[in-house]
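Reckoned from all heavy atoms, side chains included, excluding hydrogens, waters and symmetry mates. Both counts, for ligands and for their atoms, begin at 1 and track the order of listing. Nothing fancy with the numbering, it's 1 onward along the sequence.
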Amino acid sequence: VVTVYDVASAAGVSIASVSRALNGQPGVGRATVEKIQRVATELGWSPNDIARSLSEKTTRTIALVLPDITNPFFPELVKGVQTAADERHNTLLLANSGEDAEKFLRDLEALRRKQVDGVILISDHPDQTRVAEICAGIPVVALDRDLGDPGASVVGVDHEEGARKAVAHLIELGHRRIAHIAGPAAIEVSARRRAGWAQALEEAGLAARSELVVSGTFLEEGGFEAGLQILDRLDEFTAVFAANDLTAVGFLAACASRGVQVPHEVSLVGFDGIHLTRYTTPTLTTVAQPIFDLGHRAGELLFEAISTEDPVKVKEILPTRLVVGASSAAPRRSA
Ligand code: RIB
């Protein structure tokens with residue numbers, strides 16, 4: 001391996017001059033810089049990140065731990081974090097923990113051993129004390145889901161308000177019997193979106209009865225299974241609010257399997273605003289999260305925390321936006 005010592009010796013200059021010249025720092029004459037760069041290229045020298053991390057006490061690497069890389073919401077989120085890392089010439093490591101609490105902790109411990117400079121967590125881990133122990137001394141930002149840890153900044157949306165907006169849209173269209181396909185109970189945002197659904201119904205003087213709620217999994221399959229249960233009782237509903245877009249996509253498939261027309265026989269609204277919703281038939285009415293901005297803002301907050309001795313913890317709520325597609329319309333029949 002060619003080191004800075006080899007370059008200094010071959011160029012007849014000091015180690016300090018080589019380090020400054022190859023890191024673009026001032027204090028070395030132009031002619032000497034060009035000579036050092038020429039010798040380094042001839043010798044085949046390449047920056048040794050491990051050596052640099054030891055000298056700079058930073059690996060210029062951050063990590064993002066997310067639950068499900070197969071859900072298109074997360075890759076769009078990753079793009080935002082990746083852009084923030086690219087803007088600072090940092091590397092981004094990804095860990096896909098699934099909704100597996102133990103794997104989440106193992107991923108965290110592995111990232112700590114990699115000496116990452118900071119981590120962004122999307123987590124509903126039940127044992128926040130354990131998470132805080134592993135992350136002790138490492139800057140952490142919670143993204144999308146609140147860690148509940150007062151020590152971590154968090155960036156997300158107002159899930160209740162977004163869900164309330166979705167259901168209020170259906171109520172404005174004239175729907176009164178609105179079912180909800182909920183997210184997994186273990187995930188914090190599921191309860192917050194169900195609360196938003198209930199709030200919109202109660203504001204309209206409607207009962208948010210538990211019989212109107214069917215459990216989903218945040219995935220297409222869960223939306224399909226819950227959809228079949230709802231379609232078995234279709235006379236009780238004229239509309240469905242799905243806790244996320246993949247659930248809504250599964251519900252569309254259930255309707256197609258039963259020959260039920262959306263929105264003519266039942267209206268549908270989702271949550272997330274993933275690109276896929278522009279290409280479903282019908283296009284999906286949904287509550288769009290600013291997904292790229294969520295990721296990018298979390299990255300910026302993390303880099304601020306890394307470069308600040310005692311960073312102030314912040315909670316940033318970004319706005320959601322109702323995107324009206326073709327899946328919601330006035331009811332054609334009374335429930
Ligand atoms: O679609 C995945 C869901 O998990 C999204 O709604 C996002 O908010 C995350 O919590």
Side-chain donor-acceptor pair present, His159, Glu188, cut-off under 3.5 Å: no

Looking only at non-hydrogen atoms, the one of Asp272, Val157, Ile274, Asn244 nearest atom 5 (C) of ligand 1 is Asp272

Any idea which part of Arg193 is under 4.0 Å from ligand 1, heavy-atom wise: side chain, backbone, both or neither? side chain

Val189 heavy atoms, cut-off 4.0 Å: which ligand 1 atoms fall inside? 10 (O)

Are any of the N/O atoms in His159 less than 3.5 Å from those in ligand 1? no

Location of contacts on Phe271 toward ligand 1, heavy atoms closer than 4.0 Å: neither

Do Asp117 and Thr58 have a side chain donor and acceptor closer than 3.5 Å? yes

Might you work through the side chain to side chain contact (heavy atoms under 4.5 Å, CB included) test for Thr3 and Trp45, ending with a clear yes or no? CA-CA 7 Å; Thr3 69; Trp45 176 84; 5.6 Å; no

Top protein contact for atom 10 (O) of ligand 1, by heavy-atom distance: Asp144 OD2, 2.5 Å

Thr285 and Ser328 side chains, donor-acceptor separation under 3.5 Å: yes

Just checking, any donor-acceptor pair under 3.5 angstrom between side chains of Lys114 and Thr59? no

Atom 2 (C) of ligand 1: nearest protein contact (heavy atom, Å): Asn71 ND2, 3.1 Å

Specify the protein heavy atom at minimum distance from atom 3 (C) of ligand 1: its residue, its atom name, and the distance to 0.1 Å. Phe218 CE1, 3.8 Å

Is it the case that the side chains of Glu203 and Gln199 hold a donor-acceptor pair, with the cut-off being a distance below 3.5 Å and no angle test? yes

Side chain to side chain contact (heavy atoms under 4.5 Å, CB included) assessment of His180 paired with Val240: CA-CA 6 Å; His180 175 44; Val240 173; over 6 Å; no

Who's the nearest protein heavy-atom neighbour of atom 4 (O) of ligand 1, and how far? Arg145 NH2, 2.9 Å

